[in-house]
Amino acid sequence: MNILKATGQIRITKTPGGEAPPEVRECWVGLSLPSLPFVGFTYQENEYGVISGTRVDRIYGFSVPQKEAIEILEKSNWRGSAAAAYWNSLGYPKLDEYFGFALEEAEILKGVTHQHLRQVPDEARGQPTR
């Protein structure tokens, strides 16, 4: 069970990339979705194509809980309802998993900040160097 909560909110502004058919991916545009509270590499360490099941590169952007995203998609309009049915037919939502939306595919509405990683050398942490 994930301890991170989707306390932020984003709006999808551009058709997301991915393996789903274009007409399914287009249905995300305009929707406001819950998001983890940071922009960074997607939360899941291993990302897989939704159709092929093959490993794909992690996305730098937003992590959105699948369950909530599909519920919002389903309630958006008749096209969204059909798109939600598509995701359901593939076995989504998966428990405690996220959809990844790239940084350029969405805008932050509230509660999301950019993740800044800083590398600290061992000697700066009081650790012996090798």
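Computed over heavy atoms, backbone and side chain alike; hydrogens, waters and symmetry mates excluded.
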For [X] and [Y], work out which heavy atoms get closest and say how close.
X	Y	answer
Pro34	Ile72	CD-CD1, 3.6 Å
Ala20	Val24	CB-CG1, 4.2 Å
Lys14	Val29	C-CG2, 3.6 Å
Thr13	Glu104	OG1-O, 4.2 Å
Pro65	Glu68	CB-OE1, 2.9 Å
Val112	Gln9	CG2-N, 3.9 Å

Can you tell me how far [atom2] of [Y] sits from [atom1] of [X], rounded to the nearest 0.5 angstrom?
X	Y	atom1	atom2	result
Lys110	Ser35	NZ	OG	12.0 Å
Leu36	Lys5	CG	NZ	10.5 Å
Tyr86	Cys27	OH	SG	12.0 Å
Phe99	Leu73	CZ	CG	8.5 Å

Heavy-atom count check: over 12 atoms from other residues, nucleotides or ligands less than 6.0 Å from Lys94 NZ?
yes
Does this structure show an ion pair linking Glu71 with Lys75, if we count only N-O contacts that are shorter than 4.0 Å?
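Result for this pair is no, no salt bridge flagged.
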Between Trp78 and Ile70, is there shared hydrophobic-cluster membership here, with clusters defined by ILVMFWY side-chain heavy atoms closer than 4.5 Å?
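No, Trp78 does not connect to Ile70 through the hydrophobic network.
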Is the ring pair Trp28/Phe101 parallel, tilted or perpendicular, if the boundaries are 30 and 60 degrees?
perpendicular
